[in-house]
Amino acid sequence: MLRWIIFIVVFLVIDFYAFQAFKTVVKNNWLQMVYWLITLLVIFNFIFNYYGFDRSNGFSHVHAYAFGFFIALLVPKMIVLGFMFAEDVFRVPQAIYRYFTEGNAAQGNYFASRRAFISKMALGIAAIPLASIIYGIYKGKYNYKVLKYTLNFEDLPDAFDGYKLTQISDIHSGSFDNMDKVKYAVDLINEQKSDVILFTGDIVNNKAEELVPYKEVFNKLKAKDGLYSVLGNHDYGDYVKWESDEAKHQNLEDLKNLQKEIGFNLLLNESKFLEKNGERIALVGVENWGAGGFKKAGDLKKAARNVHENDFKILMSHDPSHWEREIINDDYHYHLTLSGHTHGMQFGIEIPGWFKWSPVKWRYKYWAGIYKEMGQYINVNRGFGYLAFPGRVGIWPEITVIELKKGKPLA
């Protein structure tokens, strides 16, 4: 209860400042009432859905949208708060000065009126994230982007020169609310006509049953050399309560079976070889391994036990922290690692080829796109679906197409 009281007090302080700007610009009483009505509805809905909320009981669409609308309300008001507070840096000293120099002559009006220009600028700038978040909730989460890369390797087997793979990650099927958009994305994947499709984990939020309505959609995925997958941290059912250990175990078995029915060859700390014209490349798949408190079921040595040191290797590992902590410095040289997990935080700013930023960079060194260290590459896919926040702002859902070429790597 105490934390909710603190939450409400903090939000009221933020809203007090935000309303100062609004009423400075908007004099109409009815519009001011609408301002408070929207604010109260969003806050009441958020508190109603999250008071006593326990993540282990599951996270519904209702929870997601309550959170999304709260963020849409909070972020713009935080921006307005910044402007109003900055203005008060000057207004407060002026008021103190008037208090001591003018006294009763000021008739209690020590504070100078807020300047309409500052309030208009604050509201105008705050409108940008407001519009972006609303767009992200209703359109952005299905704004699929196909990102194409060409990577050169001197030791790539000749038969695989020009070989194309499509990577998808973090489907989070329990979050979807538009079947047609998911069908469109699956068609978009197939249009790439890659040789193989690789999925790098988190096919559900928590439970295998989330995937059932979308099984007939994802089993339309096709690639000449097949479909391969690994597990992500959400696939183990660790974040919800189960009536028994047996029920949790059965959920994981059901998930494995569903992936098999879709057509995925699930790699559980094991490897397969992709063969072409008498040559081969190793496809290695580890279970989830994540730094910090994330599950560490991945066993790189076990997964690669049938792989030779000189084989060309593609590794599938859900969490990019695994690459940073273990894979880069492994005795084996893993030419290309494919990961996901970060979602790019579903929020950020990207200008392709120029600029890339998201708050998630403060948590993950490798968080989106292609990186190279010690002659080894990783691609961190931004994710196919979404989780918690029901949208994407600036960091769009991704379908990655990577073409392998024989040749000297570019600098």
**Asked** For residues 125-139, which residue pairs qualify under side-chain hydrogen bond (donor to acceptor under 3.5 Å, both in side chains), counting only residues two or more places apart or in two chains?
**Response** none
**Asked** Restricting to pairs with a member in residues 183-210, which pass salt bridge (Lys or Arg N to Asp or Glu O under 4.0 Å), not counting sequence neighbours?
**Response** Asp195-Lys224
**Message:** So, using ring-ring contact (aromatic ring centres under 6.0 Å, His included) as the criterion, who are the partners of His333 when residues are at least two apart?
**Reply:** His335
Would you give me the side-chain donor-acceptor pairs under 3.5 Å for residues 215-222, sequence neighbours excluded?
{"unit_1": "Lys215", "atom_1": "NZ", "unit_2": "Glu261", "atom_2": "OE1", "d": "2.9"}
{"unit_1": "Glu216", "atom_1": "OE1", "unit_2": "Asn219", "atom_2": "ND2", "d": "3.1"}
{"unit_1": "Lys220", "atom_1": "NZ", "unit_2": "Glu216", "atom_2": "O", "d": "2.8"}

**Prompt:** What pairs meet the salt bridge (Lys or Arg N to Asp or Glu O under 4.0 Å) rule with one or both residues in residues 36-48, with sequence neighbours excluded?
**Reply:** none
**Message:** Suppose we screen for side-chain contact (heavy atoms from CB on, under 4.5 Å). Which residues come up paired with Ala291, at least two apart in sequence or across chains?
**Reply:** Trp289, Ser321, Arg325
**Item:** All salt bridge (charged side-chain N to carboxylate O under 4.0 Å, His left out) counterparts of Glu398, not counting sequence neighbours
**Value:** Arg382
**Prompt:** Do Tyr386 and His343 have ring centres separated by under 6.0 Å?
**Reply:** no
**Request:** Count the heavy atoms belonging to other residues, nucleotides or ligands that lie under 6.0 Å from NZ of Lys408, then report whether that count exceeds 12.
**Result:** no
Under 3.5 Å, which donor-acceptor pairs do the side chains of residues 60-76 form with other protein atoms, sequence neighbours left out?
{"unit_1": "Ser60", "atom_1": "OG", "unit_2": "Val62", "atom_2": "N", "d": "3.3"}
{"unit_1": "Ser60", "atom_1": "OG", "unit_2": "His63", "atom_2": "N", "d": "3.3"}
{"unit_1": "Ser60", "atom_1": "OG", "unit_2": "His63", "atom_2": "ND1", "d": "2.8"}
{"unit_1": "His61", "atom_1": "NE2", "unit_2": "Gly174", "atom_2": "O", "d": "3.3"}
{"unit_1": "His61", "atom_1": "NE2", "unit_2": "Ser175", "atom_2": "O", "d": "3.2"}
{"unit_1": "His61", "atom_1": "NE2", "unit_2": "Phe176", "atom_2": "O", "d": "3.1"}
{"unit_1": "His63", "atom_1": "ND1", "unit_2": "Ser60", "atom_2": "N", "d": "3.3"}
{"unit_1": "His63", "atom_1": "NE2", "unit_2": "Asn49", "atom_2": "O", "d": "3.2"}
{"unit_1": "Tyr65", "atom_1": "OH", "unit_2": "Lys141", "atom_2": "NZ", "d": "2.7"}
{"unit_1": "Tyr65", "atom_1": "OH", "unit_2": "Asp177", "atom_2": "OD2", "d": "2.4"}

**Pairs where residues 293-308 contributes a residue and the test side-chain hydrogen bond (donor to acceptor under 3.5 Å, both in side chains) is met, not counting sequence neighbours** = Asp238-Lys295, Lys301-Asp330
**Under 3.5 Å side-chain donor-acceptor pair for His318 and Thr200** = no
Side-chain atoms of residues 360-369: list all donor-acceptor pairs with protein atoms under 3.5 Å, sequence neighbours left out, distances to 0.1 Å.
{"unit_1": "Tyr364", "atom_1": "OH", "unit_2": "His341", "atom_2": "NE2", "d": "2.8"}
{"unit_1": "Tyr366", "atom_1": "OH", "unit_2": "Glu373", "atom_2": "OE2", "d": "3.1"}

**Asked** What pairs of residues pass the salt bridge (Lys or Arg N to Asp or Glu O under 4.0 Å) test when at least one of them lies in residues 270-281, not counting sequence neighbours?
**Response** Arg280-Asp311
Name every donor-acceptor pair, under 3.5 Å, that has one atom in a side chain of residues 8-16 and the other anywhere in the protein, sequence neighbours excluded.
{"unit_1": "Asp15", "atom_1": "OD1", "unit_2": "Tyr35", "atom_2": "OH", "d": "2.5"}
{"unit_1": "Asp15", "atom_1": "OD1", "unit_2": "Lys77", "atom_2": "NZ", "d": "2.8"}
{"unit_1": "Asp15", "atom_1": "OD2", "unit_2": "Lys77", "atom_2": "NZ", "d": "2.8"}

